[in-house]
Amino acid sequence: MARVSQEHLDARRRQILEGATRVFVRNGFHATSMQDVLREVDLSAGAVYRYFSGKEELIAAIVTEVLGALREAFADAVRQSPPEPPDVLVGRVMGRVLGGEIVQGIGGELIPRLIVQVWAETLRNESLAEVMRSGYAKVYDSWVEVVEAYQAAGLMRADIPAGHVARTMIAVAQGFAAQQALFGEVPIEVLQNGLRGLMSMDGQKPG
């Protein structure tokens, strides 16, 4: 029997992840069964269970991929010296997220809704919460490096802990994604302009 190529295996796994994401976003995690996933991807149970043991493993794989792609996108910024200003950097990465570029094959319009569902699921699913904590820690570490690069270049106050700034910038990105999911599409320029407005404050009271 001919051996199946790694390229074929990777493509099949990708097909399953993309289809599962679509149906999870449409129906929610709890209302989605593995039969729903099988119908969405048009594969047999054996073909799908070869890659994933069940729904929980599928969800964890999707979350891991999204967080990994986000971490890598922000890590790229560290390679620039100095990194792009926060309004440009956050806007560019969020533009990639919402434009469907950040995770291959998963439409950007699905990502904000998926994020909100994952947050809710972590409140009851400890294994998924651990996946989220691990992924968040890596994103956080990348952002700390970005902030430290700003500080080293004299572009940001050095007397404020880099970790505090990193957490705040992550919260801005998360909050913008949540708004997209709950209230509808908003242009990335709104996020960028808001950041520019905050960055324009110098801490001095008006005379």
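Heavy atoms only: backbone and side chains are in, while hydrogens, waters and symmetry mates are out.
- Residues L17 and E65 approach most closely at CD1-OE1, 3.3 Å, considering heavy atoms.
- To the nearest 0.5 Å, the span separating CZ on F24 from CD on E121 amounts to 9.5 Å.
- Considering only heavy atoms from C-beta on, Q174 stays 4.5 Å or farther from Q179 through its side chain.
- A donor-acceptor pair is defined here as one N or O able to donate and one able to accept, closer than 3.5 Å; no such pair exists between the side chain of E56 and the backbone of S127.
- Annotation for Q117 and V25: closest pair NE2-O, 3.3 Å, computed over non-hydrogen atoms.
- Within the 4.5 Å cutoff, side-chain heavy atoms of M156 are placed close to those of P86.
- A chain of hydrophobic side-chain contacts below 4.5 Å, direct or via other Ile, Leu, Val, Met, Phe, Trp or Tyr residues, connects L58 to Y49.
- Summarising the geometry of G54 relative to M34, their closest heavy-atom pair is C-SD, 3.9 Å, with the distance given to 0.1 Å.
- Within the cation-pi definition used here (under 6.0 Å to the ring centroid, within 45° of the axis), R167 qualifies as a partner of Y140.
- Cluster membership check: W119 shares its hydrophobic cluster with I170, using side-chain heavy-atom separations under 4.5 Å among Ile, Leu, Val, Met, Phe, Trp and Tyr.
- When the side chains of ILVMFWY residues are joined at heavy-atom separations under 4.5 Å, either directly or via intervening members, V90 and V88 end up in two distinct hydrophobic clusters.
- One finds no salt bridge joining R196 and E189 here, because no Lys/Arg side-chain nitrogen approaches an Asp/Glu carboxylate oxygen to under 4.0 Å.
- Between V139 and S142 the shortest side-chain heavy-atom distance does not fall below 4.5 Å.
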Test side-chain contact (heavy atoms from CB on, under 4.5 Å) applied to R92 and Q192, step by step: CA-CA 9 Å; R92 180 168 57 80; Q192 292 180 303; 5.8 Å; no
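- One finds the CD atom of Q15 at 10.5 Å from the CD atom of E40 (value rounded to the nearest 0.5 Å).
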Full working for side-chain contact (heavy atoms from CB on, under 4.5 Å) between V172 and L191: CA-CA 9 Å; V172 168; L191 171 64; 3.6 Å; yes
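- In this structure, the side chains of F52 and R13 come closer than 4.5 Å at one or more pairs of heavy atoms.
- Salt bridge annotation for D36-R39: present, with a cationic side-chain nitrogen under 4.0 angstrom from a carboxylate oxygen.
- Here the closest heavy-atom approach between residue L128 and residue A60 is recorded as CD1-CA, 4.2 Å.
- Counting non-hydrogen atoms of neighbouring residues, nucleotides and ligands closer than 6.0 angstrom, the CG atom of D42 reaches no more than 12 such neighbours.
- Using modelled atom types, one side-chain atom of S200 and one backbone atom of G197 make a donor-acceptor pair closer than 3.5 Å.
- The 12-atom threshold is not exceeded at CD of E185, counting heavy atoms of other residues, nucleotides or ligands nearer than 6.0 Å.
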Derivation of the side-chain contact (heavy atoms from CB on, under 4.5 Å) call for L43 and Y51: CA-CA 12 Å; L43 292 173; Y51 298 88; over 6 Å; no
Q180 vs V186, side-chain contact (heavy atoms from CB on, under 4.5 Å): CA-CA, chis, key distance, verdict: CA-CA 6 Å; Q180 294 277 8; V186 177; 4.1 Å; yes
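- A salt bridge does not link R12 with E7: none of the charged nitrogens is closer than 4.0 Å to a carboxylate oxygen.
- Rounding to the nearest 0.5 angstrom, the gap separating the CG atom in L38 from the OG atom in S33 is 8.0 Å.
- For the atom pair OG1 (T64) and CD1 (I59), the distance works out to 11.5 Å, reported to the nearest 0.5 Å.
- Contact detail for V37 and A20: the closest heavy-atom pair is CG1-CB, 4.2 Å.
- Considering all non-hydrogen atoms of both residues, F29 and K55 come closest at O-NZ, 2.8 Å.
- For the atom pair CD (E130) and OG1 (T122), the distance works out to 11.5 Å, reported to the nearest 0.5 Å.
- Summarising the geometry, atom CG belonging to D159 is positioned 8.5 Å from atom CD belonging to Q151; distances are rounded to the nearest 0.5 Å.
- The main-chain N or O of A181 is never found under 3.5 Å from a side-chain atom of R113 such that the two would form a donor-acceptor pair.
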